[in-house]
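Working notes, structure below.
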Amino acid sequence: MTSTFPGGTILGYPRIGRRRELKRALEAHWRGRLDDEGFHAAAAEQRRADLERLVALGLRPDDASIPVDGAHYDHVLDATLTFGAVPPRLRGRLPGGLAGEWLLARGDAEDAPLEMTKWLDTNYHYLVPELDADSTFSLADRRIVDRFLEAADLGVHARPVVVGPATYLALAKADGVRPIELAERLVPAYAELARALAAAGATWVQLDEPALVADLDHVSTAELQAVARAGAAAVRGAGLRVLLHVGHGDAAGRVEPVAADVDALAIDLVRGSAPATGALPLVAGVVHGRNVWRTDLDAALEALRPLAERGPVSVGTSTSLLHVPHDLDAEGGLDERLRSWLAFADQKVEEVAALAAALEGAPDEARFAAARTAVADRAAAPGVRDGAVRERLAALPAEARERAPYAERDALQRERLDLPPLPTTTIGSFPQTGEIRAARARHARGELDDAAYAEVLRAEVRRVVALQEELGLDVLVHGEPERNDMVQYFAEHFDGFAATEHGWVQSYGSRATRPSILWGDVSRPAPFTVEWIAYAQSLTDRPVKGMLTGPVTILAWSFVRDDQPLGETADQVALALADEIADLEAAGVSIVQVDEPALRELLPLRREARPDYLAWSVDAFRLATAGAAPATQIHTHLCYSEFNAVVDAIDGLDADVTSIEAARSRMEVVGALAEHGFGRGIGPGVYDIHSPRVPGADELDALLATATDGIPAGLLWVNPDCGLKTRGYEETVASLRGLVEAAARARAAVAVR
């Protein structure tokens, strides 16, 4: 059998570092502790370590099998900088170098950063390109060329990776023009890049075009196909070969019109099927790039063989490995039985190499036998199926997902809470200080006993409650100092989950999460949030929200079992949350927030799959919350998503109050809510917490004016975009003070209308 990449290939690799070295370099540079030269040296060192690791794991260094990305912050931002796509509002005054890169990513006192939203149906956040009818493109930055040359100096003939033009424009926003209409200007810039890469000695380029597998409202599949073809043809015209990567879904029926213009096609065979592209060389993605379960090597090899009979096939991952942790061998604390079921990025590279060897007729029998044993053991292990959990779900009555009518609930809640118009609140978390993190680490090491650690946390709760009262917020939170992460904290208190020690996955920029591993049936052994919420409520007469993470978000931000439908797993999590809500109510808590920031994230990329997803995701939320008394106000929160596509589902959640990200998108969602006739409490965010900048009074007033123009004052809440965990106290206090003052001005303006 012949193949394009005989030893196998991957489509991308985690870039934050095995111990988050790039994160630390970014944050040191932003704090002024590392100059530009020092940052570039640290980033280059990380790229060097990754290349050497991939060679050591079995990828060939001499035939473009190893992709090179190496983005400092975000691969879409890299494309924006490479092609000079300066936002119109910054045209002519964007600084060069790292200063300009960070201005686009993080903003400053005067300028907001680029909007941020989710990359397709993942938890990775990308920076949305801002274009207009005057946008032009050229090879404005040679970072992609320089990284190829850097790899060559290390003895690796790499494959540069760049977001393809169809996907770049599909994910962009533009004033005065549809972004896809700018393709004729953008494609020549890809040709410029290709010529520069060819001159540097490159032979292959990987164009990432996952938008081809998605159904998008603002651009047709035919338009995407035409632009993808043009981009590939431009790169090939410069003398390079094109690997078109269309992971994240089913390529069949979507990529055939593009096949004649590329040299090889990388497809997702975990979630899709092989397209009808004849003998076009394939990179067959049989190793899951987005989950951590060990590959069934026997099944993967059987899937590869018929493809090999029709044409050249290389073994690959279904997507970039950006979405999984670096190395399972770093996890010393995981249960050994569970470890045997798992594969992180490094282990997946080894699986690719093993399958490539087997496809060439040289299987590693010991590795295949170990995989076979692990797959069988996982299916039979205790806890994977819990009879009590399944019996409880089977016995649910028909009304288990229904609350009293909203009008009845609203009247009872207004009487109980007695809040002013446009009530102010925050989303949940407050800044996690170095002192809190240090205390958590000392407690984990046994250097701080339980009582002393609890007192550290209570002191922080007292501080946060007093601060909110001083600022004048109407509905308070306890600040969540006891929580390491909004999903991991729940995973640590639910049966059926395991947490990692070093399983970091990049979320955006320097931010990373440690997704927990949901391996078995889920239940809640005992209450775990009640103590903290009740303590905070004892410190104030103002209502304090109980804070829970919703079932869809717990699934989305975990590595979830793949042996049963997601809806069944979501219902198990929902029942565990319902138990916690009941205990919060028994403790006197009047408001419970069940966050679902990932509701839009998991929306299937194909329209035909969306109704089923929206049905089970909404049903799971309602199962978690329907047992609450009518006088208990249920909140939910959604962030960094395109909400227009799921307004009906948001309505279907039947929450009493919904807070949503809206600051970076300049209240874009308000029009959709008004058009829909959304009739319950709504809090579109007015303060973007993913940037260190403090919003000015004029900015806050303008956002609230837009909100009050489209949302009845009796339904409107005033809040930040998201939780404040990643911010510092100085900027947080200034921003919240401005938020409260802006709400007071908006109340006065509404009162005189």
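With a 4.5 Å cut-off on side-chain heavy atoms, Val589 and Val544 do not count as touching. Residues Val733 and Leu736 have side chains not in contact (no heavy-atom distance under 4.5 Å, counting atoms from C-beta outward). The shortest side-chain heavy-atom distance between Leu476 and Val465 falls under the 4.5 Å cut-off. Contact of the Tyr126 side chain with the Leu77 side chain is not registered, since no non-hydrogen atoms from C-beta on lie closer than 4.5 Å. Ile689 places none of its side-chain heavy atoms less than 4.5 Å from the side chain of Thr732. Side chains of Leu566 and Trp616 form a contact here, defined as non-hydrogen atoms less than 4.5 Å apart. The side-chain heavy atoms of Phe430 and Glu460, taken from C-beta on, include no pair separated by under 4.5 Å. A 4.5 Å side-chain heavy-atom check between Pro113 and Leu104 finds every atom pair outside the cut-off.
Separating the CZ atom in Arg290 from the OG atom in Ser318 is a distance of 8.0 Å, to the nearest 0.5 Å. Summarising the geometry, atom CD1 belonging to Ile10 is positioned 5.0 Å from atom CG belonging to Leu321; distances are rounded to the nearest 0.5 Å. Between Thr625 atom OG1 and Asp656 atom CG the span is 8.5 Å, to the nearest 0.5 Å. Taken from CG in Leu57 to CG in Asp346, the straight-line distance is 4.5 Å, to the nearest 0.5 Å. Atom CZ of Arg542 and atom CG of Leu417 lie 13.5 Å apart (nearest 0.5 Å). One finds the CG atom of Asp121 at 8.5 Å from the CG atom of Leu603 (value rounded to the nearest 0.5 Å).
With hydrogens and angles disregarded, no donor-acceptor distance shorter than 3.5 Å links the side chain of Gln46 to the backbone of Ala49. Counting only distance, with no hydrogens or angles, the side chain of Ser558 and the backbone of Val560 share no donor-acceptor pair below 3.5 Å. In this structure, the side chain of Asp721 engages the main chain of Ala663 through a donor-acceptor pair within 3.5 Å. The closest donor-acceptor contact from the side chain of Arg271 to the backbone of His248 lies under 3.5 Å. In this structure a side-chain-to-backbone donor-acceptor pair under 3.5 Å is missing from Arg463 to Arg458. Remark: side-chain polar atoms of Gln432 are not paired, donor with acceptor, to backbone N or O of Arg437 under 3.5 angstrom. A donor-acceptor pair under 3.5 Å is formed between the side chain of Glu580 and the backbone N or O of Thr529. Arg294 places a side-chain N or O within 3.5 Å of a backbone atom of Ser340 that can act as its donor or acceptor partner.
Across Ala42 and Ala25, no two heavy atoms sit closer than the pair CB-CB, 3.8 Å. The two residues Leu584 and Gly546 have their closest heavy-atom pair at CD1-CA, 4.4 Å. Taking every heavy atom of both residues into account, Ala570 and Pro551 meet most closely at O-CB, 3.6 Å. When all heavy atoms of Ile591 and Pro543 are compared, the closest pair comes out as CD1-CB, 4.0 Å. The heavy-atom pair separating Ala439 from Val456 by the smallest distance is CB-CG1, 3.9 Å. Across all non-hydrogen atoms, the minimal contact from Asn484 to Glu492 is ND2-OE2, 3.2 Å.
Around atom CD of Glu730, no more than 12 heavy atoms belonging to other residues, nucleotides or ligands sit under 6.0 Å away. No more than 12 heavy atoms of other residues, nucleotides or ligands sit less than 6.0 Å from atom CZ of Arg385.
Because its NZ or CZ atom is both nearer than 6.0 Å to the ring centre of Trp504 and within 45° of the ring axis, Arg514 counts as a cation-pi partner of that residue. Remark: Arg378 is positioned above the aromatic ring of Trp293, its terminal NZ or CZ atom under 6.0 angstrom from the ring centre and at most 45 degrees off the axis.
A donor-acceptor pair shorter than 3.5 Å cannot be found between the side chains of Gln633 and Ser590. Side-chain contact annotation: Asp74 with Tyr124, donor-acceptor N/O pair under 3.5 Å present. With no hydrogens or angles considered, a side-chain donor-acceptor pair links Trp557 and Glu601 at under 3.5 Å. Under 3.5 Å, the side chains of His635 and Trp717 contain no donor-acceptor pair of N or O atoms. Donor-acceptor pairing under 3.5 Å is recorded for the side chains of Asp474 and Thr424. Side-chain N/O atoms of Arg53 and His326 include no donor and acceptor closer than 3.5 Å. Checked by atom type, the side-chain pair Thr425/Lys545 shows a donor-acceptor distance below 3.5 Å. At a cut-off of 3.5 Å, with distance as the only test, a side-chain donor of Thr632 or Glu585 sits close to an acceptor on the other residue.
Just one residue in the list His75, His125, His323 forms a ring pair (Phe, Tyr, Trp, His ring centres under 6.0 Å) with Trp119, and that residue is His75. Of the options Thr636, Thr553, Thr658, a side-chain hydrogen bond (donor to acceptor under 3.5 Å, both in side chains) to Glu596 is made by Thr553 and by none of the others. None of Arg20, Arg511, Arg33 except one satisfies the salt bridge (charged side-chain N to carboxylate O under 4.0 Å, His left out) rule with Glu27; the exception is Arg511.
Taking 4.0 Å as the cut-off between side-chain N and carboxylate O, Asp327 and Arg19 do not count as a salt-bridged pair. A salt bridge does not link Arg24 with Glu21: every distance from a Lys NZ or Arg NE/NH1/NH2 to an Asp or Glu carboxylate oxygen is 4.0 Å or more. Note on Arg15 versus Asp50: no salt bridge recorded, every NZ/NE/NH1/NH2 to OD/OE distance being 4.0 Å or above. A salt bridge links Arg524 to Asp583: one of the charged nitrogens lies within less than 4.0 Å of a carboxylate oxygen.
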* Step by step, work out the salt bridge (charged side-chain N to carboxylate O under 4.0 Å, His left out) result for Arg561 and Asp563. => CA-CA 6 Å; Arg561 60 189 300 177; Asp563 59 344; 2.7 Å; yes

* Taking it one step at a time, do Phe490 and Phe497 satisfy ring pair (Phe, Tyr, Trp, His ring centres under 6.0 Å)? -> CA-CA 9 Å; Phe490 287 76; Phe497 280 87; 9.6 Å; no

* Asked: Yes or no on ring pair (Phe, Tyr, Trp, His ring centres under 6.0 Å) for Phe528 and Phe494, after CA distance, side-chain angles and deciding distance?
  -> CA-CA 10 Å; Phe528 58 100; Phe494 287 165; 5.7 Å; yes

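Residues in residues 434-457 take part in these ring-ring contact (aromatic ring centres under 6.0 Å, His included) pairs, two or more places apart or across chains: His443-Tyr453.
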